[in-house]
Enquirer: 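Quick one: the structure is below, and I'll ask about it shortly.
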Amino acid sequence: MISAVALVAGVVAVPQAVAAPFGLVGWATQGGGTNGGGSAAPVTVTTASAFAAAVQSSSPAVVRVSGTISLSSMTRIASNKTIEGVGSTATITGQGLNISNVSNVIVRNLNFRNWGDDAINVQYSSRVWVDHNSFSSGYDGAVDVKRASDYVTVSWNKFSSHDKTMLLGHSDGNGSEDRGKLRVTYHHNWFAGTKQRHPRVRFGNPVHVYNNYYGGVVDYGVASTVEAGVLVEGNYFENTEDPFHRGEGSSPGGSLVARNNHFVNSGSGDQGGSVKSIPYSYPLDGASSVKSVVTAGAGAGRG
């Protein structure tokens, strides 16, 4: 267990990263790992109908999105899929991706804009990696993970012009499904003036939030609520009055341990309780370098 009271620098030995790697790190390496469509021959799609057919195939697939695809409804994604944009301008708009009751899915190098529900909804699913995407101007969640999902990594994404960024656990009353699950790693993401839920956590323990850049976050950064345990480590908070706290709205406070973060014109945050130990190794950038590392590498077209 990691305790907020007994915490000192270096409790967990991790190598310092000179330049943070873009490979898979975190919870999505667990439970057998995440390789999506693996070595399947890539298929390039340019229309919504072709996209839906490819991502709903029962076989492993690598689906490459070229140009802009407008979805009229949340589109189901089958297991063993890699969905990736071609170049820096591949875009999903209108609606988003529903990763539900599946496993082993990778979504990377896409721009998500103006979605009508969630950009990416993960529920009852495991081994999911959301990497190097850009999200802006949507209706509800950008990346929401809920309903007993597990082994998820959200890395190197950029979020801007948005309110409800990332929900982890949808309800205080869903503990029977969510306890022991909802284990997610959030690292090297760029929150550019977004409002709240970076993430807002229920039940997941340990949830790992490290080496993210919070630039001008309006409402709050990280919230740990009902029965959650969140490690907030090595992040860079700039112009963010409320970087992290326990409890949110009507949800009671969970546990939150903060260590080795960097603050520029920001609040000091609220922490307490203990968090389960992180089971995987990970390279950790020094917090003061995170802004330059993340702004150079996060978002579509950067990976």
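Side chains included, hydrogens not; waters and symmetry mates left out as well; all remaining heavy atoms used.
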Enquirer: Sub-3.5 Å donor-acceptor pair from the side chain of Thr225 to the main-chain atoms of Val201, do we have one?
Expert: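 Yes.
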Enquirer: Evaluate the side-chain contact (heavy atoms from CB on, under 4.5 Å) criterion for residues Asn235 and Val290: first the C-alpha distance (whole Å), next the side-chain angles of each, then the deciding distance (0.1 Å), finally the verdict.
Expert: CA-CA 7 Å; Asn235 301 283; Val290 164; 5.9 Å; no
Enquirer: Decide side-chain contact (heavy atoms from CB on, under 4.5 Å) for Tyr210 and Ile278; before the verdict, give the C-alpha distance in whole Å, the side-chain angles of both, and the deciding distance to 0.1 Å.
Expert: CA-CA 12 Å; Tyr210 79 91; Ile278 302 298; over 6 Å; no
Enquirer: Do Lys81 and Ser57 have side chains that approach each other closer than 4.5 Å (heavy atoms only, starting at C-beta)?
Expert: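 Sidechains of Ser57 and Lys81: in contact.
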Enquirer: Could you state the interatomic distance from CZ (Arg113) to OG (Ser70), rounded to the nearest 0.5 Å?
Expert: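 Between atom CZ of Arg113 and atom OG of Ser70 there are 12.5 Å.
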Enquirer: Going by atom types only, do Asp144 and Asn121 share a side-chain donor-acceptor pair under 3.5 Å?
Expert: no
Enquirer: Check whether more than 12 heavy atoms from other residues, nucleotides or ligands sit under 6.0 Å from atom CZ of Phe263, and answer yes or no.
Expert: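 Atom CZ in Phe263 is packed in, count exceeds 12.
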Enquirer: Could you measure the distance from the CZ atom of Arg302 to the OG atom of Ser88? Nearest 0.5 Å is fine.
Expert: 9.5 Å
Enquirer: In the single-linkage hydrophobic clustering (I, L, V, M, F, W, Y; side-chain heavy atoms under 4.5 Å), do Ile92 and Ile77 co-cluster?
Expert: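 Linked, Ile92 and Ile77 end up in one cluster.
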Enquirer: Are the side chains of Asn35 and Asn104 in touch, meaning some heavy atoms are under 4.5 Å apart?
Expert: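 Of all side-chain heavy-atom pairs linking Asn104 with Asn35, at least one is under 4.5 Å.
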Enquirer: Please report the interatomic distance CG(Asp150) to CZ(Arg127), rounded to the nearest 0.5 Å.
Expert: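 The CZ atom of Arg127 is 11.5 Å from CG of Asp150, to the nearest 0.5 Å.
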Enquirer: Answer yes or no: is there a donor N or O on one side and an acceptor on the other, between the side chain of Glu248 and the main chain of Ala223, under 3.5 Å?
Expert: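 No.
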Enquirer: Do the non-hydrogen side-chain atoms of Thr68 and Thr93 ever get within less than 4.5 Å of each other?
Expert: yes
Enquirer: To check you understand the geometry: which heavy-atom pair defines the closest contact between Arg76 and Val55, and what is its length?
Expert: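 Distance-wise, the nearest heavy atoms are O-CG2, 3.6 Å.
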Enquirer: Quick one: does Trp27's side chain have a donor or acceptor within less than 3.5 Å of a partner on Pro206's backbone?
Expert: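 Yes, Trp27 side chain to Pro206 backbone: donor-acceptor pair under 3.5 Å.
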Enquirer: Could you state whether Val62 and Leu24 fall into the same hydrophobic cluster, counting links through intermediate Ile, Leu, Val, Met, Phe, Trp or Tyr residues with side-chain heavy atoms under 4.5 angstrom apart?
Expert: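 Unlinked, Val62 and Leu24 end up in two clusters.
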Enquirer: Would a distance-only check, ignoring hydrogens and angles, find a side-chain to backbone donor-acceptor pair under 3.5 Å from Ser266 to Val264?
Expert: yes
Enquirer: Could you check Trp190, Tyr213, Phe135, Phe112 and say which one makes a ring-ring contact (aromatic ring centres under 6.0 Å, His included) with Phe159?
Expert: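 Among Trp190, Tyr213, Phe135, Phe112, the one that satisfies the ring-ring contact (aromatic ring centres under 6.0 Å, His included) with Phe159 is Phe135.
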Enquirer: Heavy-atom distance under 4.5 Å between the side chains of Ile2 and Arg259, does that happen here?
Expert: yes
Enquirer: Between Asp131 and Arg108, does any NZ, NE, NH1 or NH2 come within less than 4.0 Å of an OD or OE carboxylate oxygen?
Expert: yes
Enquirer: Ion pair present between Lys195 and Asp219, side-chain N to carboxylate O less than 4.0 angstrom?
Expert: no
Enquirer: Would a single hydrophobic cluster contain both Val184 and Ile106, if residues Ile, Leu, Val, Met, Phe, Trp and Tyr are joined by side-chain heavy-atom contacts under 4.5 Å?
Expert: no
Enquirer: If only side-chain N and O atoms count, and only distance matters, is there a donor-acceptor pair under 3.5 Å linking Gln123 with Ser100?
Expert: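 Yes, a side-chain donor-acceptor pair sits under 3.5 Å.
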Enquirer: Which heavy atom in Asp285 sits nearest to a heavy atom in Ser289, and how many Å separate them?
Expert: CB-OG, 4.0 Å
Enquirer: Verify, without hydrogens or angle tests, whether Thr82 (side chain) and Gly37 (backbone) share a donor-acceptor contact under 3.5 angstrom.
Expert: yes
Enquirer: Donor-acceptor pair, distance only, cut-off 3.5 Å: does the side chain of Asn133 make one with the backbone of Asn111?
Expert: no
Enquirer: In terms of hydrophobic clusters joined by side-chain contacts under 4.5 Å, are Tyr280 and Leu231 together?
Expert: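 Looking at the clustering, Leu231 is in the same group as Tyr280.
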Enquirer: Quick check: do Tyr186 and Val222 have side-chain heavy atoms less than 4.5 Å from each other?
Expert: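 In short, these two side chains do not touch, never coming nearer than 4.5 Å.
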Enquirer: Are the side chain of His170 and the backbone N or O of Val145 linked by a donor-acceptor pair below 3.5 Å?
Expert: no
Enquirer: Show the nearest heavy-atom pair for residues Thr75 and Gln56, with the distance to one decimal.
Expert: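 Shortest heavy-atom separation between Thr75 and Gln56 comes out as CG2-NE2, 3.7 Å.
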Enquirer: Checking Asn212 side chain against Phe191 main chain: does a donor-acceptor pair fall under 3.5 Å?
Expert: no
Enquirer: Does a side chain donor of either His198 or Asn189 reach within less than 3.5 Å of an acceptor in the other side chain?
Expert: no
Enquirer: Using the benzene-type ring in the case of Trp, are the ring centres of His132 and Phe22 under 6.0 Å apart?
Expert: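 They qualify: ring centres under 6.0 Å apart.
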Enquirer: Tell me yes or no: between the side chains of Asp163 and Gln196, is some donor less than 3.5 Å from an acceptor?
Expert: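 There is such a pair between these side chains.
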Enquirer: Working to the nearest 0.5 angstrom, can you tell me the gap between Met74 CE and Gln95 CD?
Expert: 7.0 Å
Enquirer: Nearest heavy-atom pair of Ala148 and Lys181: which atoms, and what distance?
Expert: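 Looking at all heavy atoms of both residues, the closest pair is O-CD, 3.3 Å.
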Enquirer: Counting only heavy atoms not in Glu241, do more than 12 sit closer than 6.0 Å to its CD atom?
Expert: no
Enquirer: For Trp129 and Ser155, which I'm curious about, is there any donor-acceptor pair between the side chains at under 3.5 Å?
Expert: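 Present: a donor and an acceptor within the cut-off.
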Enquirer: Compare all side-chain heavy atoms of Tyr282 with those of His187 and state whether any distance is below 4.5 angstrom.
Expert: no
Enquirer: side-chain contact (heavy atoms from CB on, under 4.5 Å) between Phe203 and Glu177: does it pass, once the steps are laid out?
Expert: CA-CA 10 Å; Phe203 296 107; Glu177 288 186 333; over 6 Å; no
Enquirer: Donor-acceptor check, side chain of Asp270 to backbone of Arg246, threshold 3.5 angstrom: yes or no?
Expert: yes
Enquirer: Of all the heavy-atom pairs spanning Val105 and Asn80, show the shortest one and how long it is.
Expert: CG2-N, 4.5 Å
Enquirer: Check whether any side-chain heavy atom of Pro199 lies under 4.5 Å from a side-chain heavy atom of Val230, and answer yes or no.
Expert: no
Enquirer: At their closest point, which heavy atom of Leu71 faces which heavy atom of Ala48, and how far apart are they?
Expert: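 So the two residues come closest at CD2-CB, 4.1 Å.
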Enquirer: Do Ile99 and Ile120 have side chains that get closer than 4.5 Å, going by heavy atoms?
Expert: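 Yes, side chains in contact.
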Enquirer: Would the distance check show the side chain of Asn211 and the main-chain N or O of His188 forming a donor-acceptor pair, the cut-off being under 3.5 Å?
Expert: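 The answer is no, because no donor-acceptor pair under 3.5 Å joins these two groups.
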Enquirer: Name the one of Thr46, Thr89, Val45, Thr47 that satisfies side-chain contact (heavy atoms from CB on, under 4.5 Å) with Ser66?
Expert: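 Result for side-chain contact (heavy atoms from CB on, under 4.5 Å) with Ser66: Thr46.
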Enquirer: If hydrophobic clusters are built by linking Ile, Leu, Val, Met, Phe, Trp and Tyr wherever their side-chain heavy atoms come under 4.5 Å apart, do Val102 and Phe51 end up in the same one?
Expert: yes
Enquirer: As an exercise, state the distance from NE2 of His162 to OG of Ser136, rounded to the nearest 0.5 Å.
Expert: 9.5 Å
Enquirer: Applying side-chain contact (heavy atoms from CB on, under 4.5 Å) to Met166 and Asn157, what does each step give before you reach the verdict?
Expert: CA-CA 12 Å; Met166 296 188 303; Asn157 302 284; over 6 Å; no
Enquirer: What distance separates Thr153 OG1 from His208 NE2, expressed to the nearest 0.5 Å?
Expert: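 Between Thr153 OG1 and His208 NE2, I get 10.5 Å after rounding to 0.5 Å.
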